[in-house]
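Report on one structure; see the data block that follows.
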Amino acid sequence: MLTVPSYERQSGVNPPLDFAGYRSTALRAPHRPLVLLPHRLTEITGPVLGAERITPADADLTIQHAGEPLGQRISVSGRVLDSDGRPVPDTLIEIWQPNSAGRYRHVVDNHPAPLDPNFTGAGRCMTDSEGRYRFVTIKPGSYPWRNHPNAWRPAHIHFSLFGRAFAQRLITQMYFPGDPLFYQDPIFNSVPEQARERLISRFDLSLTEPEVSLGFAWDIVLRGRNGTFFEPPEGGR
Ligand SMILES: [Fe+2]
C-alpha cells in the first residue's frame, strides 16, 4: 500500500481564523469546523510550476521598468527549510508589497500616497538546491487600513510558498526589525506571542551590498516545531 505524507495544519500555534481585533476575519472565517480531506497523489505531487518560465530578473523588483523605483533599496534573502532542518529546493516563492510610500499598485488601494511608475511590487523566484532564495526590492512603506481608528500596518512583504507539495502552501508576511507599529497591529498580534519573532527579518550587515542595498535575512520553516506561522485569510492588505 502506498503511504503518502500528510501536510495537516498544526493546531494551537497558528493565529485563529477569526481574530477579534482583525475586523474582516469576522466575515471571512468559516463558521463550521474544517473538514480535513485525505491527501492523495494529487495533493502531494502537484502542481508542476514550470521553473523555466522564471527568469533571474523576476527576483529583482527594481529593474522591472524603464527607471528605478524610489526608496531604500534592500535585499531579502534566506533559506526555506522543513521542520527537520532540511532545505526545500526548487520551490516557488512569490512576493508582493506596496511601494516606498506605502501604496499598492492595486485597484482597491486609493489612499492618498503616490504611485511609483517604476514599481509594480511583485516578484518571484525558485529556491536553489540548498533552499536559498534572494530578492532585491525597495523597503515598503507603512499604510493606513481603517481596521480601527488610525490603524497603520507595520512595513511588510507578503510571501507565498508552495513547499514540496500543493497542500503545503504557506502565505505569510515578513516584517522589519524594530518597527514602531507592531504593538497596534492586529494581524501581527494575532500570531501567538512566542512565534511573532519568527516573522521579523534580521538586518545583516554582511548581506549589505556596499553603496547599493541594505541586507535583510529571513529563513522560512514550512512545518513542525519551528514552523513559520500562517496568517489569517487576507484580501491583499
Ligand atoms: Fe499588505
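Values below: all heavy atoms of this structure, side chains included; hydrogens, waters and symmetry mates excluded. All values reported here derive from a predicted model rather than from experimental measurement. Numbering of residues begins at 1 and proceeds along the displayed sequence. Read the numbers this way: they start at 1 and go in the same order the structure lists the ligands and their atoms.
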| task | Any chance you could lay out the ring pair (Phe, Tyr, Trp, His ring centres under 6.0 Å) test for Phe159 and Trp218, step after step, and finish with the verdict? | result | CA-CA 11 Å; Phe159 273 69; Trp218 193 51; 4.9 Å; yes
| message | Show, in sequence, the C-alpha distance, side-chain angles and deciding distance for Phe176 and Phe203, and conclude whether the ring pair (Phe, Tyr, Trp, His ring centres under 6.0 Å) test is met. | response | CA-CA 8 Å; Phe176 293 87; Phe203 173 69; over 10 Å; no
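One finds the OG atom of Ser201 at 7.5 Å from the CD1 atom of Ile157 (value rounded to the nearest 0.5 Å).
For the pair Tyr175 and Asp185, the minimum side-chain heavy-atom distance is below 4.5 Å.
Angle NE2 (His158) to the Fe ion (ligand 1) to OH (Tyr143): 160°, rounded to 10°.
For His156, the N, O or S atom with the smallest separation from the Fe ion (ligand 1) is NE2.
The Fe ion (ligand 1) has Tyr104 among its coordinating residues (N/O/S atom, backbone or side chain, under 2.8 Å).
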